[in-house]
2 protein chains.
Amino acid sequence: MLSKNVIIGQSGGPTAVINASLAGVYTAARSAGVAHIYGMKNGIEGLLAGRILDLGAVLDSEETVNLLRHTPSSFLGSCRYRLPELETGEDTYRRLFAQLETLGIDAFFYIGGNDSMDTIHKLYQYGRRIGSPIRFVGVPKSIDNDLPGTDHTPGYGSAAKFIATVTKEVICDATVYDTKNLTVLEIMGRDAGWLTGASALAKGEDCDGPDLICLPEVPFDLEDFLARVEQKQKTKKALVVAVSEGIRTAAGGYVCELAGSEKRKDVFGHRMLSGTAQFLAAVAGERLGCKSRGIELNTPQRCAAHLLSAVDEQEAFEVGKGAFAIAQAGRTGEMATLLRRSDEPYVCSVSAVPVVSVANGEQCVPKEYIAPDGYGVNERFLAYARPLIQGEVACLFQNGLPRTLKRR
Amino acid sequence: MLSKNVIIGQSGGPTAVINASLAGVYTAARSAGVAHIYGMKNGIEGLLAGRILDLGAVLDSEETVNLLRHTPSSFLGSCRYRLPELETGEDTYRRLFAQLETLGIDAFFYIGGNDSMDTIHKLYQYGRRIGSPIRFVGVPKSIDNDLPGTDHTPGYGSAAKFIATVTKEVICDATVYDTKNLTVLEIMGRDAGWLTGASALAKGEDCDGPDLICLPEVPFDLEDFLARVEQKQKTKKALVVAVSEGIRTAAGGYVCELAGSEKRKDVFGHRMLSGTAQFLAAVAGERLGCKSRGIELNTPQRCAAHLLSAVDEQEAFEVGKGAFAIAQAGRTGEMATLLRRSDEPYVCSVSAVPVVSVANGEQCVPKEYIAPDGYGVNERFLAYARPLIQGEVACLFQNGLPRTLKRR
């Protein structure tokens, strides 16, 4: 039973619902009567520097907690700090645990991806070594959906919903002219194709969906790609293809690096590296003699809180609550997870795994979810991803824009 | 009094509410008891080729018309066809008027920007020359808000709302790390800064807004820009600046051309621009020694129907209805306009101007709306733009995504 204080941090690249998880831990801790709920500013780096926030003073009303849930990006700030190995960096751990002791911390929660789970694992190991009673629990987040041990990660569903929506809208836009043209959408996910595959969700009775999808899990062959585009252009004038930012050739080089062969330079002689979409659009346009355009969906994929998936937002909150329950039960060194029971109806509950099985791991799209020709995803992928983009969240608008909770 | 048939076309780059205007003309014509309401596929080009749609057969229920209103991009398809001069291209006009006569057309509506108003003006002139009774009426649309003769253009408000929302979300995202960094947002609007200025709407009690805004109306000086970024970085680590794709140096060259961007042109001779943000982020990152990132908001600015401004969507519809009323009153050679009576409370009604005063004209952000130092907009701009992004439209979602009406 927790009696004193808890601390929460956020780390790594933010998502649109990472604050819903913060609200989940906070709400559960509050209900359990925890005395002080602290937030570390900019993750473990802020903790080391003693930059601490008393969340109880900030999240002082239900309305504020609700606003937090709909505010994109890490409310507490983030960091990309990697803890040293236990053997070589004991001084760092001593300082961290001294901070935690000063604050009277019972449980430590870290919301993040695989690097953050490495942090939880190391703290847990060090704590055990020195006989500390503090519990260390991880809360998963990643738009990339690449964490092992959980059916999916909070953050993925909202990113997938935004990507599928924008893909659908761009397809509407790209097909207005009665001329041959190609649009290349570049989607996040350097190693895992979960986000790129989500563009396939755009397909329905009112939309053809992308004409080709290139996942990072499948080696990319430029000539084969161009041949397929050319083939499709024989029956359809306007094509839209979706590619991962991380597609690589069989030799292992990133496709965007091929753009370097053009040696485009700016006025100062700096080499200007094109993105993957820009490069493919330029090459296809020239080789196939058609208009082309590259569109990088970019940062909005991870922060478009104006278009949250209700399922994702709720699960992010529940996973936060679940993480608190893990600590409350006296467990430590674990990460809260989502365990899917059924696709249709979609049933999913919060569970847990030892954080060691997650730290630094990576889960890519399995072969069984990829189309036989390698240019897309199949029904199994869609059955997996579709439940995660369901439902809309009514954001609070003020003066025409979604309100957010300003970082302190 | 119209008794027979009308025809409607859409032209130029689409917007998120261009179909609301189509629905407006259609709804008014239907109420007036017009026999056949035709749509030309791909604008005037489709009309020349005889590619006509009977809209009454497609828009056969209130639900379908409603769906049309929330479907982004031209439902009828678009074109970038420029009519020849009357003196040299009489054959084209003869063919067009023969088509209109065959269809028994009383009134011709064209939804578009300044190039489309040139089409309306030429058809009107030719019709007068041959004594045709057909009325030609323009319906304004432009995300760029650059049409003269109207307070603003339908399409601008929704684009501005999307830009301000994404700017706010990206600011949340860009400021999570406790390190010096610069984000450059690239916003559409080659010559007019209405869209870029709309990023300033992000500013409020919960958001600082962009730290600098570079409009195409203000000559861009790279050294001055870098000096200002450096100055601001002394008190604020993470900066977000918004720049127009069309910013130019005092000598007149586009900034993106400094990056070696190709000098591609579209059929109207407009230069196709890209890469301003990438270039500025790269140069600033190197010169100021900070992390930097360029984000091009790109096509979603003009097709994000999932985040419509309710004011804009309603006005787009009303302007369509108003265009029909103009023809109904026996007038021709005019464009429906929006006439603002008051900012607060916002009062705006539909009016009309001779299309000759609009065709090929362009309205930029006036000096009185620009900040004294040239790096932003002032309260007068905000008072002008703010009413246009108000209100949200409840899209119909199906399976997690906004439903649209598929183009026939």
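These numbers come from a predicted model, not from an experiment. So that the names make sense, note that chain A is the first sequence line, chain B the second, and so on, each numbered from 1.
- Looking at Thr175(B), the atoms closer than 4.5 Å to chain A (heavy atoms on both sides) sit in the backbone and in the side chain alike.
- For Cys79(A), the part lying near chain B is the backbone, with the side chain staying farther off; criterion is any non-hydrogen pair under 4.5 Å.
- Smallest separation of non-hydrogen atoms from Pro14(B) and Tyr177(A): CD-OH, 4.5 Å.
- Looking at Asp178(B), the atoms closer than 4.5 Å to chain A (heavy atoms on both sides) sit in the backbone and in the side chain alike.
- Remark: the backbone N or O of Pro300(A) is not paired with any side-chain donor or acceptor of Glu169(B) at under 3.5 angstrom.
- Residues Arg293(B) and Thr299(A) meet the side-chain proximity criterion, which asks for heavy atoms closer than 4.5 Å.
- Proximity to chain A involves both the backbone and the side chain of Gln390(B), based on heavy atoms less than 4.5 angstrom apart.
- Taking chain B as the reference chain and counting heavy-atom pairs below 4.5 Å, the highest number among Thr165(A), Leu201(A), Leu405(A) is found for Thr165(A).
- The pair Arg403(A)-Asp206(B) does not count as a salt bridge, with every side-chain nitrogen at least 4.0 angstrom from each carboxylate oxygen.
- The contact between Ser78(A) and chain B is made by backbone and side chain atoms together, counting heavy-atom distances below 4.5 Å.
- Heavy atoms closer than 4.5 Å to chain B are found in both the backbone and the side chain of Asp173(A).
- Only the side chain of Asn298(B) comes within contact range of chain A, with heavy atoms under 4.5 Å apart.
- Highest contact tally toward chain B, considering only Gly391(A), Ala174(A), Gly294(A), Pro72(A), is held by Pro72(A) [criterion: heavy-atom pairs under 4.5 Å].
- Between His306(B) and Phe162(A), the ring planes are perpendicular. Angles over 60° get that label, and only those under 30° would be called parallel.
- Only the side chain of Lys168(A) comes within contact range of chain B, with at least one heavy atom under 4.5 Å from a heavy atom of that chain.
- In terms of heavy-atom pairs under 4.5 angstrom with chain B, the leader among Cys207(A), Ser309(A), Gly12(A) is Gly12(A).
- More than 12 heavy-atom neighbours from other residues, nucleotides or ligands sit within 6.0 angstrom of NZ on Lys236(A).
- Scanning all heavy atoms of the two residues, the minimum distance from Cys172(B) to Ser73(A) falls at O-OG, 2.8 Å.
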(message) The test is side chain to side chain contact (heavy atoms under 4.5 Å, CB included); show your working for Ile295(B) and Glu296(A) and say whether it passes.
(response) CA-CA 8 Å; Ile295(B) 301 177; Glu296(A) 206 181 326; over 6 Å; no

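- For the pair Ile389(B)/Leu401(A), a side-chain contact is recorded, criterion being any heavy-atom separation below 4.5 Å from C-beta on.
- Within the 4.5 angstrom heavy-atom criterion, atoms from both the backbone and the side chain of Arg80(A) approach chain B.
- Around NZ of Lys203(A), the count of heavy atoms belonging to other residues, nucleotides or ligands within 6.0 Å does not exceed 12.
- Contact of Gln398(B) with chain A is made through the side chain alone, with heavy-atom distances under 4.5 Å.
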